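The model shown is predicted, which means the values in this text are computed figures rather than measured ones. As the structure lists them, so they are numbered: ligands from 1, and atoms in each ligand from 1. The chain is numbered in sequence order, starting from 1.
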Amino acid sequence: MGTKFTLIGSGLAGGLLAAYIGRRGYEVDLYERRADPRAGNFVGGRSINLAVSTRGIHALQQLGIAEEVLQHAIPMPGRMIHDKSGGLHFAPYDRDPKNYINSIGRAALNTTVIEAALRYPNVRVLFNHLCIDVDLDSATAHFSRRSESKGGTPSPPLPGYGAADAATDQRVVSSADAIIGVDGAFSAVRQSMHGKLDGFVYDESYLAHGYKELTIPPGPGGTWRMEKEALHIWPRKSFMMIALPNPDGSFTCTLFWEFAGPRSFETTKTNDDVRRFFDEEFPDAVPLMPTLLEDFWENPTGSLVTIRCAPWSYKDKVALLGDAAHAVVPFYGQGMNAAFEDCIVLDECLAEFADDRERAFTEYFVRRKENTDALADLAVHNFIEMRDKTASKTFRAKKKLDHLLEGLLPGLYLPLYTMVTFTRMPYATAAKRARLQDRIVYTSLAFLLLLAAIAVIYLVVG
Ligand SMILES: Cc1cc2nc3c(=O)[nH]c(=O)nc-3n(C[C@H](O)[C@H](O)[C@H](O)COP(=O)(O)OP(=O)(O)OC[C@H]3O[C@@H](n4cnc5c(N)ncnc54)[C@H](O)[C@@H]3O)c2cc1C
């Protein structure tokens, strides 16, 4: 039997990675704690739609599934800013109208990547398996197996484990040549590394804001009750609400708001509190949100975390990928796109160092770490831009100047948002280049202002 990988977590990146590794001909067992999303029992816990852009699309294209995914996507060529008086301002994301981000359903995407993985006969997916521990040296994973889950399909018996064994104690052990933890921000695989490896560096930082999903249902006949092709933003300085369109005519809104403080999730205790807050802050959205109160009380309040750790691998036995290695806050719409990019880089490293998996894992970490660290900073910074600056005229003028310079200096000047979202330039390079461009532009502007001032003085005095 050839090399076998155990992948833990079949979220967005887990399914895609299983397809990539399966394509290389390795044996892959992909374990997921939840029930099979293909049985229609998708339990999110995360945004139900999200934006996919160039990097993510490229990763899907390599497996020939981009069209399948994008057929249900809704293009969003710009931001629609809602001010407090109900005024609307549209700001395109890019100079080129062909550059847009795409709103896609998380469940549909998850199903597509799992199905893509299962096209390879050497890939198996096992649902209802919660990883509880990993033995790093032997690449052995321990699972608690739920034989049934609400509305879910019971998993088939594991290879090498009779149904009777599994049914009696519900504990499953799986050994492989290597384990990859693709089990999200609260990764059990990473926890095992953290607990067992000397020198493992771990840092988590939570925003003071949480998020809550709310709904704008479809209009009559499945129509959209706001502009369909835009990412809607209600920027309110210290907090904001956004909305992304869904194919059924609805919008998924996400409120990003302080957990604590005079006006916050914590102090909002009654229906009147909720109504008052929304009437004051989002008056144009309220009439479109008939289930506001139910949504507000029933939907959980999620937290927003940045996770950095190092290293991402242990010998040739264990590696981390996606949010498990580098969770970022969602304000650049890049977490999944970056996780998909990880899949490409890991796949390339496994090909390049086919006889030395430890080197492949290390090389993958070296190629990605600087970039995901840069993305983490960009994402936090973009929260301030979205919730505060998008409302201002200066922001809109800066975006116009960006697009003007891009047109005047083709290939030389690229706005940061364009580099991050519409190219595959490494995130760290994009961040550095943007800083340099800003320095040149501001220095030139200062110089021009100085020249203008000298000219005025010369005309007046002389
Ligand atoms: C509100 C919000 C909005 C976002 N919007 C965007 C966006 O627009 N664009 C974008 O690119 N990114 C976005 N993201 C980020 C994106 O959701 C993540 O980066 C992406 O889901 C990471 O994929 P992943 O596979 O690494 O982790 P996940 O998608 O979280 O998948 C992890 C999987 O592992 C499973 N699992 C966890 N623990 C275990 C265990 N112990 N045993 C077995 N299985 C386990 C989970 O059930 C899950 O299926 C957003 C995130 C949030 C919170």
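- When heavy-atom distances to ligand 1 are checked against a 4.0 Å cut-off, Tyr211 comes that close only through its side chain, counted from C-beta outward.
- Between Gly333 and ligand 1, a contact under 3.5 Å exists for at least one N or O pair.
- For ligand 1, the polar-atom distance check against Arg33 finds a nitrogen or oxygen pair separated by under 3.5 Å.
- Against a heavy-atom cut-off of under 4.0 Å, Val182 is close to the following atoms of ligand 1: 32 (C), 33 (C), 34 (O).
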Validation: residues 97-104 side-chain donor-acceptor distances under 3.5 Å, sequence neighbours left out:
residue : atom : partner : partner atom : Å
Asn99   : ND2  : Asp94   : OD2          : 2.8
Asn102  : ND2  : Val52   : O            : 3.2
Ser103  : OG   : Pro245  : O            : 2.7

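- Here's the thing with Glu32: one of its N/O atoms is less than 3.5 angstrom from an N/O atom of ligand 1.
- The atoms of ligand 1 that sit less than 4.0 Å from any heavy atom of Ala51 are 7 (C), 8 (O), 9 (N), 10 (C), 11 (O).
- Remark: Met76 CE to His232 NE2 distance equals 9.5 Å, nearest 0.5 Å.
- Cation-pi check for Arg387 over Phe383 is met; the charged atom lies under 6.0 angstrom from the ring centroid and within 45 degrees of its normal.
- Below 3.5 Å of separation, one finds no N or O of Glu213 facing any N or O of ligand 1.
- Considering backbone and side-chain atoms alike, Ala339 places every N or O at 3.5 Å or more from each N or O of ligand 1.
- The proximity of Cys131 to ligand 1, defined as any non-hydrogen pair under 4.0 Å, involves the side chain as well as the backbone.
- Checked against the 6.0 Å centroid threshold, Phe259 and Tyr206 do not count as a close aromatic pair.
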Salt bridge (charged side-chain N to carboxylate O under 4.0 Å, His left out) assessment of Glu385 paired with Lys399: CA-CA 12 Å; Glu385 176 150 318; Lys399 288 289 156 199; 3.5 Å; yes
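- Under a 4.0 Å criterion applied to the non-hydrogen atoms of Gly184, ligand 1 contributes the atoms 27 (O), 30 (O), 32 (C).
- Remark: ligand 1 atoms within the under-4.0 Å shell around heavy atoms of Ala188 are 41 (N).
- For Phe239 and Phe277, the distance between ring centers is under 6.0 angstrom.
- Below 3.5 Å of separation, one finds no N or O of Ile8 facing any N or O of ligand 1.
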Salt bridge (charged side-chain N to carboxylate O under 4.0 Å, His left out) evaluation trace for Glu68 with Arg119: CA-CA 14 Å; Glu68 204 179 319; Arg119 283 180 203 142; 3.3 Å; yes
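- Minimum interatomic distance between Glu258 and Ser238 (heavy atoms only, all atoms of both residues): OE2-OG, 3.0 Å.
- Set against the non-hydrogen atoms of Gly322, the atoms of ligand 1 under 4.0 Å away are 26 (O).
- The cationic group of Arg357 does not satisfy the cation-pi geometry with Tyr26, failing either the under 6.0 Å distance to the six-membered ring centre or the 45° limit from the ring axis.
- Between Thr254 and ligand 1, a contact under 3.5 Å exists for no N or O pair.
- In terms of polar-atom proximity, Asp323 is counted as a contact of ligand 1, with an N or O under 3.5 Å from an N or O of the ligand.
- A 4.5 Å side-chain heavy-atom check between Thr372 and Val328 finds every atom pair outside the cut-off.
- Gln334 and Ser53 are linked by a side-chain donor-acceptor pair at a separation below 3.5 angstrom, with hydrogens and angles left out of the test.
- Under a 4.0 Å criterion applied to the non-hydrogen atoms of Gly335, ligand 1 contributes the atoms 10 (C), 11 (O), 12 (N), 15 (C), 19 (O).
- Annotation: Pro330 places no N or O atom under 3.5 Å from an N or O atom of ligand 1; distance criterion only.
- A heavy-atom separation below 4.0 Å is found between His129 and ligand 1.
- Atoms of ligand 1 lying under 4.0 Å from any heavy atom of Leu12, numbered from 1 in the order shown and given with element: 21 (O), 25 (O), 29 (O).
- The atoms of ligand 1 that sit less than 4.0 Å from any heavy atom of Leu130 are 40 (C), 41 (N), 42 (N).
- Within the 4.5 Å cutoff, side-chain heavy atoms of Gln62 are placed close to those of Tyr20.
- The heavy atom nearest to atom 17 (O) of ligand 1, considering only Arg190, Arg106, Met336, is found in Arg106.
- Glu363 is linked by a salt bridge (charged side-chain N to carboxylate O under 4.0 Å, His left out) to Arg359, Arg367, counting only residues two or more places apart in sequence or in another chain.
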